[in-house]
> 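I have a structure here, written as structure tokens, and I will follow up with some questions on it.
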Amino acid sequence: EAQVTQNPRYLITVTGKKLTVTCSQNMNHEYMSWYRQDPGLGLRQIYYSMNVEVTDKGDVPEGYKVSRKEKRNFPLILESPSPNQTSLYFCASSLTGTSGGISQYFGPGTRLTVT
Amino acid sequence: GDSVTQMEGPVTLSEEAFLTINCTYTATGYPSLFWYVQYPGEGLQLLLKATKADDKGSNKGFEATYRKETTSFHLEKGSVQVSDSAVYFCALSSGGYQKVTFGTGTKLQVIP
């Protein structure tokens, strides 16, 4: 079954404790992206990757890191989480970049709480 | 920069009522336009899309027409069901760029 998986689905952590949210897709997609969803703000793009070793900032990259060492995986790293990073995070992928009407497949989401 | 504006929710309708969710956009070039749906506790799913002016996207009884002259992509359905209760997001992707811009989402609640 074609899917995007994220782990963990729920995470409660404390300020400053490094964490990684994993994302994996089994569709051989080139493009992957991370979003955060906050009430009243919709989805905002954090980082995206056009292919292995190619990443770029989205609209809200501060406080986050990503890497793309393998085509299927695109982990999101919070090296020193802060309470303002409490949010619902989604990973997404698409066959190629998003221009030309290519739609994305989304993971189920990771709800992160930073205290 | 690019932006998407959606009508604020929540929208509450009775079953079989007509649905319109407004979406307007600002973008450089000729964007592709999307509607995604998010059911409770799930990720977003593509509902429909349109890639050029006057294109009509449709799926599951939902429709939206790409109107370049009014920079709009309103979502419509003739007869909603309880199972349509979800959050609906309008989004755009500008040609040549790989960033996707989403609206704030509109929550739809359909009551029997």
Side-chain angles (χ1 to χ4, degrees), chain A residues 2-7 9-10 21 23-25 27 29-51 54-61 68 74 88-111, chain B residues 1-10 21 23-25 27-53 55-57 59 64 66 73 86-107:
Chain A
Q3 60 182 351
V4 179
T5 57
Q6 295 178 227
N7 282 292
R9 293 290 310 278
Y10 302 91
V21 183
C23 173
S24 182
Q25 49 91 7
M27 296 169 279
H29 283 173
E30 291 184 350
Y31 180 95
M32 298 185 74
S33 181
W34 276 103
Y35 298 87
R36 60 178 289 174
Q37 182 179 12
D38 301 291
L41 297 176
L43 272 77
R44 294 178 291 168
Q45 194 166 32
I46 302 171
Y47 271 94
Y48 63 92
S49 169
M50 292 295 295
N51 213 325
V54 181
T55 63
D56 206 350
K57 297 177 180 178
D59 294 318
V60 289
R68 187 93 180 272
F74 190 45
L88 180 58
Y89 291 86
F90 288 101
C91 180
S93 73
S94 62
L95 186 58
T96 60
T98 56
S99 60
I102 303 297
S103 59
Q104 297 178 81
Y105 292 79
F106 282 80
T110 295
R111 186 166 292 282
Chain B
D2 296 344
S3 68
V4 175
T5 302
Q6 287 182 237
M7 61 187 290
E8 288 209 17
I21 299 178
C23 171
T24 58
Y25 67 89
T28 53
Y30 301 95
S32 297
L33 302 174
F34 307 84
W35 277 102
Y36 284 87
V37 58
Q38 183 181 32
Y39 298 104
E42 298 183 11
L44 280 72
Q45 304 172 25
L46 178 69
L47 181 59
L48 53 84
K49 67 179 182 183
T51 58
K52 60 183 187 295
D55 265 4
K56 178 186 283 189
N59 186 25
Y66 189 143
F73 193 53
V87 180
Y88 293 82
F89 290 91
C90 185
L92 71 82
S93 173
S94 289
Y97 297 91
Q98 305 306 330
K99 291 168 62 172
V100 181
T101 301
F102 284 83
T104 55
T106 301
K107 184 174 182 178

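The sequence lines fix the lettering, A, B, ..., with proteins before strands; numbering per chain opens at 1. The basis for the numbers below is simple: all heavy atoms, side chains too, and nothing from hydrogens, waters or symmetry mates.
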> When rounded to the nearest 0.5 angstrom, what distance separates CG in A/D38 from OG1 in B/T104?
12.0 Å
> Can you tell me which portion of A/Q37 sits under 4.5 Å from chain B's heavy atoms? Options are side chain, backbone, both or neither.
side chain
> How long is the gap from CZ on A/F90 to CD on B/E42, to the nearest 0.5 Å?
9.5 Å
> Shortest non-hydrogen contact from B/V100 to A/Q45?
N-OE1, 3.3 Å
> Is chain B contacted by the side chain of A/L41, its backbone, both, or neither, given a heavy-atom distance below 4.5 Å?
backbone
> What is the distance from atom OH of B/Y36 to atom CZ of A/F106, rounded to the nearest 0.5 Å?
5.5 Å
> Are any non-hydrogen side-chain atoms of B/L44 and A/L43 less than 4.5 angstrom apart?
yes
> Within a reach of under 6.0 Å around OH of B/Y66, are more than 12 heavy atoms found that belong to other residues, nucleotides or ligands?
yes
> Checking heavy atoms, do the side chain of B/E8, its backbone, both or neither come under 4.5 Å from chain A?
neither
> Which bit of A/R9 is near chain B, if near means a heavy-atom gap under 4.5 Å: side chain, backbone, both or neither?
side chain
> If you round to the nearest 0.5 Å, how far is CG of B/L46 from OG of A/S94?
11.5 Å
